[in-house]
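Notes for the one structure printed next.
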Amino acid sequence: MTRHTGRGLSAIEYPTGMNQNGDPSQAWVKLKPDGRVDVFAGTVDIGQGSKTVHTQIVADTLGVPFDWVTMDVSNTDSSAVCTGTFASRGTFIGGNAVRFAAARAKERILAIAGDMLEIDPADLEIEDGEVRAIGAPQKKLSVSDVAGAATWQYGELITGTGAALKPFATLDPQTGRVELPPHSAISYAACVAEVEVDDQTGNVRCTKLIQCYDVGRAINPALVEGQIEGGAMQGLGLGLLEECYPYYPSTEHRGSDFNSYHVPSLVDLPEVTSLIIENPSADGPFGAKAIGEMANNAQPCAIANAIYDAIGVWVTEAPATPERVLRALERKAAGEDGPRRDGKRVVFDGHLSVNAVAAPGAAIRFPLED
Amino acid sequence: MKSVGASLPKYDGIGHVTGTTVYVDDVPTPNGTLWAKALRSPAHRANIKRIDYTKAAALPGVHAIVTHEDIPVNTYGHLSGLGVPADEPLLAESELRYLGQPIALVVAESEAIAAEAVAAITLELEELEPLFDIRKAWDPGAPQIHQWGNWYTQFEGGLDRRQIRKGDVDAAFDRADLIVEGVYRPQAIEHVPMETQVCLVVPEPSGKLVIHSCTQAMYFSMGVVAAHLQLPLNKLKFVGGTVGGGFGGKVDTATETLCAVAARKARRPVKWRWTREEEFLVSSTRAPWHVEIADAVSKDGWILGRKMLTLHDSGAYARFSPYGLTKHSFHHTGAYTIPNLRFDGYVVFSNRVPTTAMRGFGVTSVSYSTEIHLQRIAHELKIDPYEIRLKNANRIGDTTGNGVVITDPSTVSTIQMVAEAAGDELKGDYRTMTSAMRTGDLLPEHLVGQLGNPEDH
Amino acid sequence: MRITVNGTAHELASAPLTPLLHVLREELHITSPKAGCQQGSCGTCTVIVDGEARRSCLLPVAAVDGAHITTLEGIGTPDALSPLQAAFLEKAAAQCGFCTPGFVTAATALLAENATPSRGEIREALSGHYCRCTGYVKILEAVEAVAGRAL
């Protein structure tokens with residue numbers, strides 16, 4: 001038995017928002033008479049922390065403390081439309097909806113404060129819950145006083161609505177060409193994986209993951225790290241442990257419990273390094289781009305590349321279970337693992353191709369011709 | 001004090017760490033709540049010859065048995081708004097296409113009685129030959145398992161596949177020093193949220209249904225329920241927003257619609273919670289993918305062109321797969337700029353649980369396939385894996401496969417940063433290169449036609 | 001049968017073979033222990049029984065007749081978080097929160113027995129608990145932050 005170590009690299013990109021757009025998020029904001037802020041949106045927090053992130057966006061857009069803001073995403077009667085928490089759209093599209101709503105409410109705060117202070121609203125700013133004259137900060141009012149005046153003197157409910165919607169990007173079915181970007185932004189990442197492979201058992205252990213993500217702007221860095229770290233373990237599961245159908249395409253031996261379907265646990269945790277780059281998007285809230293989904297895409301390929309580096313076999317069916325690793329080592333020992341070389345063509349995995357598996361006469365070939 | 005940029009504790013964190021957060025299964029059930037269990041297909045593919053509910057319906061404590069006849073619109077397409085027509089019945093009618101497909105929902109005074117009633121239903125089937133290997137869907141004599149044939153035929157323009165066409169791919173292959181081909185097959189996996197699918201529907205006296213849901217998308221799911229039940233939106237109220245993990249699987253609206261139908265039929269609150277076995281065996285999965293790539297490369301490491309064929313295993317019905325394949329096609333060059341492309345992708349049906357959205361939908365399979373492929377190319381050409389990636393990286397002004405100009409790429413900077421963290425020293429120009437628009441010596445001949453103007457966008 | 005939960009004694013009406021999890025959730029309406037799998041595998045139902053972390057989903061209540069049981073509600077409250085709960089909050093160690101009751105109860109039991117566990121001992125003690133969101137990094141950091149300090 002020998003343990004081999006190896007290192008693999010990957011680089012990936014991922015879009016923000018639904019592919020081809022057309023996915024609205026909406027929100028509305030109202031102020032209580034003491035200036036505290038209620039935000040109603042339909043964006044479900046599935047644990048990633050969108051309620052926290054949206055609260056941060058609203059607080060800074062309005063210029064009030066974080067703990068003045070209450071986020072309510074509890075039901076469809078009081079909240080406005082959100083297409084949903086998927087497609088890595090929560091921070092950008094949901095975030096823009098609450099940002100736009102807060103900006104509208106801010107306009108009303110400034111209009112009323114301008115009237116109270118007899119200053120042009122354009123010459124006012126809000127910071128730390130206070131409306132201040134730009135350049136003359138001694139002239140100020142608290143947002144609480146403005147909201148109180150709106151309620152008791154001006155007869156106004158300070159409110160704001162916001163809707164984020166990028167139009168649907170129609171495609172040409174022949175070429176796939178689109179007339180406008182079919183996403184809100186693109187995020188990027190790179191990953192280095194290190195593995196240790198036991199050539200007797202076929203067991204692969206991922207020992208280290210170094211990952212760098214461009215998220216545009218980390219509105220809440222701890223929560224961004226949470227996405228990167230959580231995604232890393234799901235990616236490790238994809239690369240090494242998890243499969244519904246161990247003998248795919250057969251449906252035999254499908255696991256129905258945690259003993260037969262292997263979810264990564266603490267014993268599988270490698271050393272994880274998370275690096276964040278902030279290369280801002282043009283129109284996301286505070287420059288943010290998506291992070292959620294892409295976080296499990298970079299590891300499975302980096303792990304497969306590390307396995308090649310360690311033992312010289314390509315495992316191109318994920319996950320790289322001990323059985324797949326041992327079978328690949330057997331093919332290598334039998335001299336059957338290398339690519340077929342034909343002129344300038346280098347053909348790997350010929351036995352997996354539709355060309356080998358589909359019956360003679362089947363109308364599917366690779367590469368397809370037009 | 002600015003809050004953007006600060007690692008503030010999670011808004012709902014105190015509830016989570018003290019066990020006081022209320023998830024759907026923690027919502028107190030009103031008096032009279034009934035419990036649901038599903039009758040599911042015991043076969044991969046079959047025709048229903050006979051179902052007899054008599055014994056089940058007569059069991060004490062059984063209040064209603066919901067079948068397809070109780071659902072105003074049984075077959076509604078979740079992506080009809082995107083032009084994907086409906087193919088999947090909420091409850092099976094005469095045909096069964098996967099093991100575990102729901103046929104009926106029994107609601108009773110306890111989960112145990114509901115389960116006993118499900119076991120008391122007589123089901124006679126004519127089993128049919130299933131199709132599992134999507135590579136064999138085109139075989140002469142392959143079982144025909146779906147009303148549209150064995151693959152999705154409803155893409156725009158009457159096409160049965162998703163295509164990307166860019167540049168002159170044949171010329172690129174003629175010109176190439178090397179053509180590297182490979183096959184990549186990432187597997188189906190489960191979402192495994194720690195909270196299984198669960199739903200509680202409470203009818204109000206006005207006829208409005210209050211739906212306590214673990215959906216990731218309240219408005220989307222409300223639209224699905226409204227379409228199946230033909231109800232205006234003021235007759236539905238989704239209560240949710242607190243979810244014990246989703247990862248894409250809780251976009252399926254797996255329990256809400258049937259619970260709503262059952263609550264209306266029984267005129268009682270109805271709760272349905274899936275067991276972990278159901279979550280593993282019959283909830284939708286990430287799709288298995290079959291990806292074949294041929295890349296035309298120059299001996300100094302430029303990717304001149306790519307031909308790619310993708311088969312997306314959709315399972316028994318289309319569900320979100322046409323969307324996922326389109327997203328896959330839009331990103332099939334990964335974080336790199338490749339000027340000449342011929343991509344073809346099919347959504348192929350099989351007699352397994354329908355596959356659905358999962359974290360990275362459509363693109364996880366691209367990353368897996370193309371990044372191993374690129375490593376193979378680097379190995380064949382004896383080029384450093386960092387260098388081949390940096391060379392072909394997306395740069396400002398490059399265009400994507402479908403003609404979108406790239407404005408703020410970070411392929412270069414993310415790779416440089418992991419190299420540094422890993423202690424790998426990049427050589428010369430690769431250490432100092434940026435994502436700046438390609439010009440002069442950095443603009444190879446084959447990429448000249450690629451540049452768009454970022455200022456235009 | 002009688003059990004004491006978070007300091008309060010309860011006479012039980014449930015049948016003796018009822019899993020403790022169901023007694024807690026359905027008879028006593030204590031809902032922090034979660035029914036994540038009911039297969040004894042995932043750890044979300046963990047509670048502390050006479051000082052020991054146990055999975056309540058497969059544990060017949062008759063087997064714990066007379067026991068003192070602590071659930072997450074009994075470890076600390078929103079107004080008085082235990083140091084471990086505070087660390088889970090500060091370190092963002094809870095995302096969706098569904099597995100958190102199991103992790104915090106199990107780690108509390110571990111630290112009560114061994115106030116200064118090594119990283120390896122923490123990993124071992126919590127390896128039977130699944131978290132699908134966090135990737136465990138911040139959970140490990142939260143437990144380590146408290147290890148060695150008074151509970």
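Chain letters run A, B, ... following the sequence lines, proteins first and then strands; every chain starts at 1.
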Using a 4.5 angstrom heavy-atom cutoff, name the option from B/K237, B/K136, B/R276, B/R161 with the most pairs to chain A. B/K237

Highest number of heavy-atom pairs under 4.5 Å with chain A: which of B/E277, B/R389, B/M358, B/K307? B/R389

Checking ring pair (Phe, Tyr, Trp, His ring centres under 6.0 Å) for the pair B/H44/B/F132: CA distance, chi angles, key distance, verdict? CA-CA 10 Å; B/H44 294 294; B/F132 292 130; 5.0 Å; yes

State, to 0.1 Å, how close B/S410 and A/N279 come at their nearest heavy-atom pair, and which atoms those are. OG-ND2, 2.9 Å

Could you please spell out the steps behind the side-chain hydrogen bond (donor to acceptor under 3.5 Å, both in side chains) verdict for A/D45 and B/Y11? CA-CA 10 Å; A/D45 193 330; B/Y11 190 97; over 6 Å; no

Among B/A176, B/S329, B/G245, B/S350, the residue with the most heavy-atom pairs under 4.5 Å to chain A is B/A176

Side chain, backbone, both or neither: which part of A/P367 has a non-hydrogen atom closer than 4.5 Å to chain B? side chain

Under a 4.5 Å heavy-atom cut-off, does chain B meet the side chain of A/A80, its backbone, both or neither? backbone

If we ignore angles and hydrogens, is there a donor and acceptor under 3.5 Å between the side chains of B/Y98 and B/R352? no

Do we see a donor-acceptor contact under 3.5 Å between the side chains of A/E13 and B/N394? no

For chain A, find which of B/G360, B/S367, B/A393, B/G13 contributes the most heavy-atom pairs closer than 4.5 angstrom. B/G360

Among A/D349, A/L352, A/T316, exactly one meets side-chain contact (heavy atoms from CB on, under 4.5 Å) together with B/R185. Which residue is that? A/L352

Ring pair (Phe, Tyr, Trp, His ring centres under 6.0 Å) between A/F258 and B/F280, worked out: CA-CA 9 Å; A/F258 285 96; B/F280 273 123; 5.3 Å; yes

At a heavy-atom separation under 4.5 Å, does A/Q211 approach chain B through its side chain, its backbone, both, or neither? backbone

Heavy-atom cut-off 4.5 Å, strictly under: side chain, backbone, both or neither for A/K289 against chain B? side chain

So which residue, B/V243, B/V4, B/D139, B/I189, ends up with the most heavy-atom pairs under 4.5 Å with chain A? B/V4

Part of A/T70 lying under 4.5 Å from any heavy atom of chain B: both

Top of B/F220, B/F247, B/Y323 for chain A proximity - count of heavy-atom pairs under 4.5 angstrom: B/Y323

Can B/R165 and A/D172 be counted as an ion pair, charged N to O under 4.0 angstrom? no

Please state whether the side chain, the backbone, both or neither of A/I277 comes within less than 4.5 Å of a heavy atom of chain B. side chain

